[in-house]
Amino acid sequence: MVNVPRSHPRYVSLMIRERLVEAFKEGIVVPEGLMAHGRGEAFDYILGEVTHEMARKAVRAAAALLLISEKPVISVNGNSAALVGRELVELAREVKAPLEVNLFYWSRSRVEKIGELLKSYGANEVLLPIDDAEEVPGLESSRRLVNRRGIYRADTVFVAMEDGDRTEKLRRLGKHVVAVDLNPFSRTARAATVTIVDNVVRALPELTGAVREMRSAGREKIREVFESFDNERNLKEFIATITQRLDRLASYGEPLSD
Ligand code: PTJ
């Protein structure tokens with residue numbers, strides 16, 4: 001691992017890169033995952049690498065949706081296992097949902113490695129799209145392979161850092177989707193029921209915290225939080241923020257960050 005001085009203004013961002021590179025060497029992340037991270041980084045940079053109020057609103061709606069769902073499932077891919085594996089195990093425990101490995105670049109060995117990694121973080125059971133595999137109808141990528149006891153019968157699926165197809169298909173099947181995606185223009189962001197536009201490393205602790213806080217409220221109150229959320233409006237606010245920040249940069253104002 002390279003020596004990144006703590007005093008470096010981009011220390012956190014550089015450490016996230018290091019974690020992904022390590023996970024790539026361990027066979028958890030695919031090379032394409034490193035590129036996908038670069039796209040996320042660019043959006044994070046423009047958004048100022050902070051959690052915006054709109055993201056907090058989405059986090060509360062996502063927590064509410066996960067709490068009122070009967071069969072929520074936490075879907076895990078290579079990038080999310082590498083960056084927030086521990087936090088996903090914690091979230092799954094808090095909302096009493098199974099974790100399920102779901103990959104775009106499918107390989108049996110990576111499915112199993114990610115399953116083992118999540119278990120090493122304390123997950124009791126991790127569903128894999130291997131033994132009890134079913135297919136999501138209409139989906140051609142390997143993400144179609146899902147576990148019969150998990151995503152196949154879920155009413156709500158949590159996804160982070162995904163390519164667009166699956167969210168659209170899951171929504172068409174009548175399932176809710178909670179997505180974490182730094183790109184508010186993406187198909188995943190637009191198709192999801194609730195999209196948290198934030199870096200997954202900041203979003204996960206916020207989400208688990210919101211679940212803990214909200215759990216003791218009455219079911220009706222929780223439902224109200226979810227129902228008062230408008231995903232399209234929230235994404236439009238993010239797009240307006242991006243436009244404003246780019247305008248500032250275009251007028252040769254201060255750089256967005258170091
Ligand atoms: O492990 P696999 O095989 O399932 O593959 C995982 C990747 C990420 C390679 C796969 O899902 C993929 O190709 O994703 P995309 O289509 O590149 O989309 C990834 C989305 O995640 C993009 O919209 C990025 O902006 C966003 N993103 C990247 N890093 C982060 C992020 N969003 C939140 N936090 C991040 N750290």
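Fair warning: this is a prediction, and the values are worked out from it, not measured in the lab. Every number for a ligand or one of its atoms is a count from 1 in the order of the listing.
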- Count the heavy atoms of every other residue, nucleotide or ligand shown that sit under 6.0 Å from CD of Glu140, and state whether that count exceeds 12. no
What do you reckon, is CZ of Phe226 surrounded by more than 12 foreign heavy atoms closer than 6.0 Å?
yes
| said: Checking Leu66 against Glu94 for the side-chain contact (heavy atoms from CB on, under 4.5 Å) test, could you report, in this order, the C-alpha distance in whole Å, the side-chain angles of both residues, the deciding distance, and whether it holds? | reply: CA-CA 10 Å; Leu66 289 168; Glu94 292 293 334; over 6 Å; no
In this structure, atom 6 (C) of ligand 1 is nearest to the protein heavy atom Asn77 ND2, 3.8 Å
Under 4.0 Å from one or more heavy atoms of Gly78, ligand 1 contributes atoms 1 (O)
**Prompt:** So, Ser75 versus Arg143: side-chain donor-acceptor pair below 3.5 Å or not?
**Reply:** no
Among non-hydrogen protein atoms, atom 32 (N) of ligand 1 lies closest to Leu182 N, 3.2 Å
Among Glu32, His37, Met161, Arg39, the residue with a heavy atom nearest to atom 15 (P) of ligand 1 is Arg39
Output for pair (Asp155 CG, Leu65 CG), nearest 0.5 Å, gives 8.0 Å
Checklist entry - Are Leu117 and Glu26 close enough that some pair of their side-chain heavy atoms sits under 4.5 Å apart? => result no
- More than 12 heavy atoms from other groups under 6.0 Å of NZ on Lys57: no
among protein heavy atoms, the one nearest atom 28 (C) of ligand 1 is Ala36 O, 3.2 Å
Per-atom filter on ligand 1: closer than 4.0 angstrom to a heavy atom of Phe104 are 2 (P), 3 (O), 4 (O)
Review point. Would one find an N or O of Asn79, backbone or side chain, under 3.5 Å from an N or O of ligand 1?
Key: no
At under 4.0 Å between heavy atoms, what of Arg110 touches ligand 1? The answer is side chain
Contact region, Asp198 to ligand 1, non-hydrogen atoms below 4.0 Å, reads backbone
re atom 34 (N) of ligand 1, the protein heavy-atom contact at minimum distance is Val200 N, 3.0 Å
In this structure, atom 5 (O) of ligand 1 is nearest to the protein heavy atom Tyr105 CD1, 3.8 Å
One finds that the ligand 1 atoms under 4.0 Å from a non-hydrogen atom of Asp181 are 20 (C), 21 (O), 22 (C), 23 (O), 24 (C), 25 (O), 26 (C), 32 (N)
Given the options Asp165, Thr167, Asp163, Asp181, Arg187 meets side-chain hydrogen bond (donor to acceptor under 3.5 Å, both in side chains) only with Asp165
### Task
With the side chain counted from C-beta on, respond yes when Thr156 and Phe158 share a heavy-atom pair under 4.5 Å apart, and no when they do not.
no
For Gly33, the atoms of ligand 1 under 4.0 Å from one of its heavy atoms are 9 (C)
Nearest non-hydrogen protein atom to atom 14 (O) of ligand 1, with distance, is Asp163 N, 3.7 Å
Strictly distance-based, threshold 3.5 Å: is any side-chain N or O of Arg202 a donor or acceptor partner for the main-chain N or O of Glu49?
yes
Going by the 4.0 angstrom heavy-atom rule, the piece of Arg143 near ligand 1 is side chain
Note to self: Test your reading of the structure: does Asn199 have an N or O sitting under 3.5 Å from an N or O of ligand 1?
What the structure shows: yes
Could you walk me through whether Arg19 and His37 pass the side-chain contact (heavy atoms from CB on, under 4.5 Å) test, one step at a time?
CA-CA 11 Å; Arg19 173 62 198 126; His37 181 71; over 6 Å; no
In this structure, atom 18 (O) of ligand 1 is nearest to the protein heavy atom Glu162 O, 3.2 Å
